[in-house]
Trainee: 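Please read through the structure below; I'll follow up with questions.
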Amino acid sequence: STTIYNRMALSLRAYSLLFCLTVWVMYYWLKYQTDKRKFDFAVLTVLTILLVYTHYFGTLYVAVLGIFSIVLAVLKKADKKLIIPFVIAGATFLPWFMKTMVLTSVDMLSFWIAPPALSDVFSAVGFLLSSSYILCVLYGTGCICVLIGIQKKRSIKKEDVLYLFVPWAVVILIFIYSRYINPAGGLFEPRYFMVLLPSLLI
């Protein structure tokens with residue numbers, strides 16, 4: 001059945017590759033800042049391009065990580081070249097995005113995802129952590145410890161950005177969009193946040 005093959009391919013792209021490519025982007029994002037190797041730079045560029053084509057949440061993740069990379073570069077905590085892979089990924093994706101906006105028609109009035117409540121933010125994080133009480137407590141404790149460490153040292157490490165600020169920025173942006181900007185066509189579906197799972201687990 002071509003329908004089954006098609007659905008399987010879409011699921012692999014949107015979920016398996018979404019998770020896999022996120023891990024690789026995180027790895028090479030950190031590795032390039034440590035080693036400054038041209039190979040790592042090239043691989044990071046290719047991975048960010050692939051990630052934006054997995055799912056719109058992959059695109060959002062790349063955009064948010066790119067913005068934080070700019071902030072780190074401005075604060076002189078990261079090489080300015082780190083911004084280039086994200087600019088290239090955005091430039092590569094933009095023509096496709098514009099084409100989909102022109103050719104795709106969606107009835108937002110009958111969209112199936114309801115606007116989220118504030119409690120849904122924590123439910124989505126809990127979903128990603130397998131609804132495990134222990135994992136949720138450990139994750140919450142970890143977040144608090146990182147924030148306390150930032151406050152004491154008055155400094156933000158690149159790992160803090162990757163593991164704490166980027167995932168929460170994605171969640172908050174999607175919440176604001178789905179709750180206030182476009183409640184009839186929201187995107188707040190817990191499984192879409194699979195792109196954040198590597199950050200949460202680490």
Trainee: Rounded to the nearest 0.5 Å, what separates atom CG in L30 from atom CG in D35?
Mentor: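 Answer rounded to 0.5 Å: 10.5 Å.
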
Trainee: So among T48, V195, V52, which one has a side chain to side chain contact (heavy atoms under 4.5 Å, CB included) with T59?
Mentor: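 Going through T48, V195, V52 one by one, the side chain to side chain contact (heavy atoms under 4.5 Å, CB included) with T59 is satisfied by V52 alone.
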
Trainee: Would one find more than 12 heavy atoms of other residues, nucleotides or ligands at under 6.0 Å from atom NZ of K80?
Mentor: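 At most 12 heavy atoms, drawn from other residues, nucleotides or ligands, come within 6.0 Å of this atom.
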
Trainee: Could you state the interatomic distance from CZ (F39) to OH (Y32), rounded to the nearest 0.5 Å?
Mentor: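 OH of Y32 is found 14.0 Å from CZ of F39.
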
Trainee: In residues 155-173, what donor-acceptor pairs under 3.5 Å come from side-chain atoms, sequence neighbours left out?
Mentor:
unit_1	atom_1	unit_2	atom_2	d
S155	OG	K77	NZ	3.3
D160	OD2	K157	N	3.1
W168	NE1	Y139	OH	2.8

Trainee: What pairs of donor and acceptor atoms, side-chain ones from residues 64-76 against any protein atom, are under 3.5 angstrom apart with sequence neighbours left out?
Mentor:
unit_1	atom_1	unit_2	atom_2	d
S69	OG	W29	NE1	3.0
S69	OG	L65	O	2.8

Trainee: CG of L196 to CG of L18: how many Å apart, nearest 0.5 Å?
Mentor: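 One gets 8.5 Å once the value is rounded to the nearest 0.5 Å.
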
Trainee: Working to the nearest 0.5 Å, report the span between OH of Y177 and CG of L187.
Mentor: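 Reported to 0.5 Å precision, the distance equals 5.5 Å.
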
Trainee: Can you classify the ring geometry of H55 versus Y15 as parallel (below 30°), tilted (30 to 60°) or perpendicular (above 60°)?
Mentor: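 Because their plane-to-plane angle lies in the 30° to 60° range, the rings of H55 and Y15 count as tilted.
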
Trainee: Would you say the side chain of L17 lies within less than 4.5 Å of the side chain of L51, judging by non-hydrogen atoms?
Mentor: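 Answer no - side chains too far apart.
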
Trainee: Look up atom OG1 in T100 and atom CE in M98, then write down how far apart they are to the nearest 0.5 Å.
Mentor: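 It is 9.0 Å, given to the nearest 0.5 Å.
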
Trainee: For Y27, does the OH atom have more than 12 heavy-atom neighbours from other residues, nucleotides or ligands under 6.0 Å away?
Mentor: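 Atom OH in Y27 is not packed in, count stays at 12 or less.
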
Trainee: More than 12 heavy atoms of other residues, nucleotides or ligands under 6.0 Å from CD1 of I181: yes or no?
Mentor: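 More than 12 heavy atoms, drawn from other residues, nucleotides or ligands, come within 6.0 Å of this atom.
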
Trainee: I need the minimum non-hydrogen distance between R13 and Y53, along with the two atoms involved.
Mentor: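 So the two residues come closest at NH1-O, 3.2 Å.
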
Trainee: Measure across K31 and R37 and return the closest heavy-atom pair with its distance rounded to 0.1 Å.
Mentor: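 Heavy atoms of K31 and R37 come nearest at NZ-NH1, 3.3 Å.
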
Trainee: Looking at every heavy atom in both L82 and A78, which two are closest together, and how far apart are they?
Mentor: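 Nearest pair, atom of L82 first, then A78: CD2-CB, 4.0 Å.
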
Trainee: What distance separates F188 CZ from F175 CZ, expressed to the nearest 0.5 Å?
Mentor: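 Output value for this atom pair is 7.0 Å.
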
Trainee: Mind listing the closest non-hydrogen atom pair of V62 and F86 along with its distance?
Mentor: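 Closest approach of V62 to F86: O-CD2, 3.4 Å.
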
Trainee: Of the non-hydrogen atoms in L44 and P85, which two are nearest, and what is the gap between them?
Mentor: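 What the structure gives for the nearest pair is CD2-CG, 4.0 Å.
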
